[in-house]
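Reviewing the structure listed below.
Excluded from the calculations below are hydrogen atoms, water molecules and symmetry mates; all remaining heavy atoms, backbone and side chain alike, are included. Here is how names work: the chains are called A, B, and so on, in the same order as the sequence lines, proteins then strands, and each is numbered from 1.
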2 protein chains.
Amino acid sequence: MDPQDLKKAGLKATHPRLKILEILEGSGKRHMSAEEVYKCLLDAGEEVGLATIYRVLTQFVVAGLVNRRNFDGGYAVYEISNAPHHDHMVCVDTGEVVEFCDEGIEMRQREIARKHGFVLVDHALVLYVRRPKAGE
Amino acid sequence: MDPQDLKKAGLKATHPRLKILEILEGSGKRHMSAEEVYKCLLDAGEEVGLATIYRVLTQFVVAGLVNRRNFDGGYAVYEISNAPHHDHMVCVDTGEVVEFCDEGIEMRQREIARKHGFVLVDHALVLYVRRPKAGE
DNA sequence: ATGAATGCAAAAACTTTGCATGACG
DNA sequence: CGTCATGCAAAGTTTTTGCATTCAT
């Protein structure tokens with residue numbers, strides 16, 4: 001992702017913003033909390049305040065560069081929005097996150113909303129899953 | 001719901017617990033935050049601490065008497081679990097909440113989990129919807 | 001240079017916890 | 001009467017905000 005994308009979003013290409021984008025793209029973890037991004041930056045020797053992380057992530061979400069997700073647990077996680085729409089399953093044992101998309105479910109959601117006199121604006125779907133133990 | 005149900009859950013039938021159950025069943029709102037339950041009790045002239053509300057609601061959730069839901073917004077809401085499994089749609093304009101259940105979606109979720117080598121333990125689905133404006 | 005962005009610390013919002021008092025069975 | 005539950009206040013978490021300083025253009 002280029003500094004260009006920041007400018008397009010009306011955001012100056014500042015050091016903290018570039019670093020945060022880099023972390024979200026580069027580090028192995030695709031879903032990170034604000035705190036995780038913060039620690040990651042500290043480890044990299046970068047001086048960025050936690051408040052800035054929150055401010056920047058919120059701006060990125062508004063700009064559509066990043067998605068915010070609520071997987072339970074009392075805090076939000078952020079992911080680069082470089083993939084088309086998808087939902088998530090979270091392993092209740094390991095915390096592992098898998099992304100998936102199912103057009104059948106998507107369609108059904110639109111139908112259900114319509115049936116109740118609404119139009120679908122957005123949705124949040126998280127499957128909580130577990131690896132079957134031997135013999136299940 | 002009887003004091004019996006509390007005892008079955010290993011909970012003494014105390015005044016606060018009975019009152020909170022009553023509110024969750026009786027007041028028009030089916031989905032209430034801890035704060036809302038608290039205010040409702042104050043309005044009714046009941047002396048119950050907010051901490052007790054949180055403690056009691058958590059106990060009710062563990063006992064299966066009540067469900068906790070996270071509809072975004074930074075706080076949880078609670079609903080009496082007197083209805084079979086269902087999901088929710090929330091109107092982004094009015095906050096109105098509608099419950100629904102769709103066996104097609106349920107089935108698909110189990111399949112998707114299985115396809116990825118997991119078993120479905122639970123899920124959270126919230127549709128964010130809006131009433132169509134004239135001409136949509 | 002000038003407005004926007006940052007860092008720090010303080011505060012806000014929601015929820016949990018410690019401890020002495022009081023209520024249930 | 002013993003134990004569990006409550007109330008209050010304090011602390012915990014996550015996130016936001018005010019304000020002086022610094023940075024990007």
Side-chain angles (χ1 to χ4, degrees), chain A residues 2-24 31-42 44-63 65-78 95, chain B residues 2-24 31-42 44-63 65-78 95:
Chain A
D2 285 299
Q4 292 303 343
D5 297 298
L6 287 180
K7 290 186 186 140
K8 277 183 206 152
L11 299 170
K12 287 183 183 172
T14 65
H15 188 75
R17 294 213 261 243
L18 291 170
K19 282 302 172 191
I20 292 170
L21 259 192
E22 208 174 284
I23 295 274
L24 287 173
H31 300 88
M32 301 180 77
S33 67
E35 196 79 32
E36 283 173 326
V37 173
Y38 178 59
K39 286 189 186 130
C40 205
L41 283 173
L42 287 193
E46 300 289 337
E47 291 283 321
V48 179
L50 183 54
T52 299
I53 311 269
Y54 276 105
R55 269 187 295 234
V56 168
L57 286 174
T58 302
Q59 293 160 346
F60 285 0
V61 169
V62 172
L65 299 173
V66 161
N67 297 126
R68 174 187 303 196
R69 307 282 184 179
N70 286 300
F71 291 163
D72 264 343
Y75 57 90
V77 296
Y78 301 83
Chain B
D2 285 299
Q4 291 304 344
D5 297 297
L6 287 181
K7 289 182 189 147
K8 277 182 205 154
L11 299 170
K12 287 182 182 172
T14 65
H15 188 76
R17 295 215 258 242
L18 291 170
K19 282 302 172 190
I20 291 171
L21 259 191
E22 208 174 284
I23 294 274
L24 286 173
H31 301 88
M32 301 179 76
S33 67
E35 196 80 32
E36 282 174 327
V37 174
Y38 178 59
K39 286 192 184 128
C40 205
L41 283 173
L42 287 193
E46 300 290 337
E47 292 282 319
V48 180
L50 183 54
T52 300
I53 311 271
Y54 277 104
R55 268 186 296 233
V56 168
L57 286 174
T58 302
Q59 293 160 346
F60 285 0
V61 170
V62 171
L65 299 172
V66 160
N67 296 125
R68 175 187 300 194
R69 307 282 184 180
N70 286 301
F71 290 164
D72 264 347
Y75 56 89
V77 296
Y78 301 82

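- Both K7(B) and G74(B) sit near DNA chain C, but only G74(B) has its closest nucleotide nearer the 5' end.
- Under 4.0 Å is where a charged nitrogen must lie from a carboxylate oxygen, and between K39(B) and E36(B) no such pair does.
- Annotation for I20(A) and F60(A): closest pair CG2-CE2, 4.1 Å, computed over non-hydrogen atoms.
- Rounded to whole Å, the distance from CG on L57(A) to P on dT14(D) is 15 Å.
- Closest of all the heavy-atom pairs between Y38(B) and V48(B) is CE1-O, 3.0 Å.
- Rounded to an integer number of Å, the gap from E47(B) CD to dG22(C) P is 14 Å.
- Here dA13(C) presents its P atom at 19 Å from CD1 of I53(B), a figure rounded to the nearest Å.
- Rounded to whole Å, atom C1' of dG7(D) lies 13 Å from atom CG of L42(B).
- The CD-C1' distance, from Q59(A) to dT17(D), rounds to 14 Å in whole Å.
- Residue contacts shown for E35(A) are absent, as no nucleic acid heavy atom lies under 4.0 Å away.
- Between the C1' atom of dT14(D) and the CG atom of D72(B) lies a distance of 14 Å, rounded to the nearest Å.
- The shortest heavy-atom contact between P16(B) and T52(B) is CB-CG2, 4.0 Å.
- Among all heavy-atom pairs drawn from T58(A) and Y54(A), the shortest one is OG1-O, 2.8 Å.
- Separating the CZ atom of R69(B) from the P atom of dT15(C) is a distance of 16 Å, rounded to the nearest angstrom.
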Trace of the side chain to side chain contact (heavy atoms under 4.5 Å, CB included) decision for I53(A) with L41(A): CA-CA 10 Å; I53(A) 311 269; L41(A) 283 173; 3.5 Å; yes
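- When all heavy atoms are compared, the tightest approach of C40(A) to I23(A) is SG-CD1, 3.5 Å.
- Residues from residues 9-19 of chain A placing a heavy atom under 4.0 Å of any atom in DNA chain C, listed by number, are K12(A), T14(A), P16(A), R17(A).
- Here the nucleotide nearest the side chain of A51(A), chosen from dA9(C), dT15(C), dT16(C), is dA9(C).
- With dT16(D), dT16(C), dC8(C) as the choices, the nucleotide that has an atom nearest any side-chain atom of R55(A) turns out to be dC8(C).
- Distance Y75(A) OH to dT13(D) P: 13 Å, rounded to the nearest Å.
- Not one side-chain nitrogen or oxygen of Y54(A) sits closer than 4.0 Å to the OP1 or OP2 atom of dT16(D).
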